[in-house]
Chemist: 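Mind having a look at this structure? Questions to follow.
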Amino acid sequence: MRFTHARWGQDSTYTSALEMQQNASRDSWSFEKTEERLAAIMRNIHNTCAETAEEYGALGDYVLGANIAGFERVAAAMTAFGVI
């Protein structure tokens, strides 16, 4: 797998989130457990982007899939909070 700048940015963001979760629970995870959790997060992102792109007729367009999936999540949250 090629690590692009964007991919590195996602990894570092989620690694920070995992670190905060670990600190909040006062737990200590092994490197392997952290890598496993990060890999699961990244697989979920990939699957969401791919499935959303396919759903909207743009098979393989991960950027479109990511943008639409992100929009849908924000719209659902705004609806849940009664903003829209």
Side-chain angles (χ1 to χ4, degrees):
M1 175 177 281
R2 203 174 106 225
F3 288 88
T4 63
H5 177 70
R7 168 94 203 284
W8 179 85
Q10 290 173 339
D11 281 356
S12 63
T13 299
Y14 285 107
T15 300
S16 295
L18 291 175
E19 183 179 23
M20 288 187 289
Q21 182 181 3
Q22 185 180 175
N23 291 339
S25 66
R26 301 210 185 275
D27 198 3
S28 181
W29 299 344
S30 67
F31 175 80
E32 290 77 19
K33 180 176 180 176
T34 304
E35 282 292 303
E36 180 182 303
R37 293 190 64 156
L38 181 59
I41 290 168
M42 297 307 289
R43 270 192 304 278
N44 185 44
I45 291 169
H46 172 270
N47 293 340
T48 299
C49 293
E51 291 166 5
T52 303
E54 184 175 359
E55 180 182 336
Y56 283 87
L59 183 65
D61 189 339
Y62 292 96
V63 173
L64 180 115
N67 285 330
I68 292 174
F71 174 83
E72 288 177 339
R73 288 185 74 166
V74 170
M78 292 176 72
T79 300
F81 281 103
V83 177
I84 57 173

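The analysis underlying the following values was restricted to heavy atoms, covering all of them including side chains, and did not include hydrogens, waters or symmetry mates.
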Chemist: For Glu72, does the CD atom have more than 12 heavy-atom neighbours from other residues, nucleotides or ligands under 6.0 Å away?
Modeler: yes

Chemist: Exactly one of Ile41, Asn47, Thr48 should register a side chain to side chain contact (heavy atoms under 4.5 Å, CB included) with Ile45. Which one does?
Modeler: Ile41

Chemist: Measuring from His46:NE2 to Glu51:CD, what's the distance to the nearest 0.5 Å?
Modeler: 9.5 Å

Chemist: Distance from Lys33 atom NZ to Asp27 atom CG, nearest 0.5 Å?
Modeler: 5.5 Å

Chemist: Can a donor-acceptor pair be found, under 3.5 Å and without considering hydrogens, that links the side chain of Ser25 to the backbone of Gln22?
Modeler: yes

Chemist: Give a yes or no on whether Tyr56 and Leu59 share a hydrophobic cluster (residues Ile, Leu, Val, Met, Phe, Trp, Tyr; joining criterion: side-chain heavy atoms under 4.5 Å apart).
Modeler: no

Chemist: What heavy-atom pair brings Leu64 and Ala58 nearest, and what distance separates the two atoms?
Modeler: CD2-CB, 3.6 Å

Chemist: Please confirm whether the backbone N or O of Val63 pairs with a side-chain atom of Asn67, one donor and one acceptor, at under 3.5 Å?
Modeler: yes

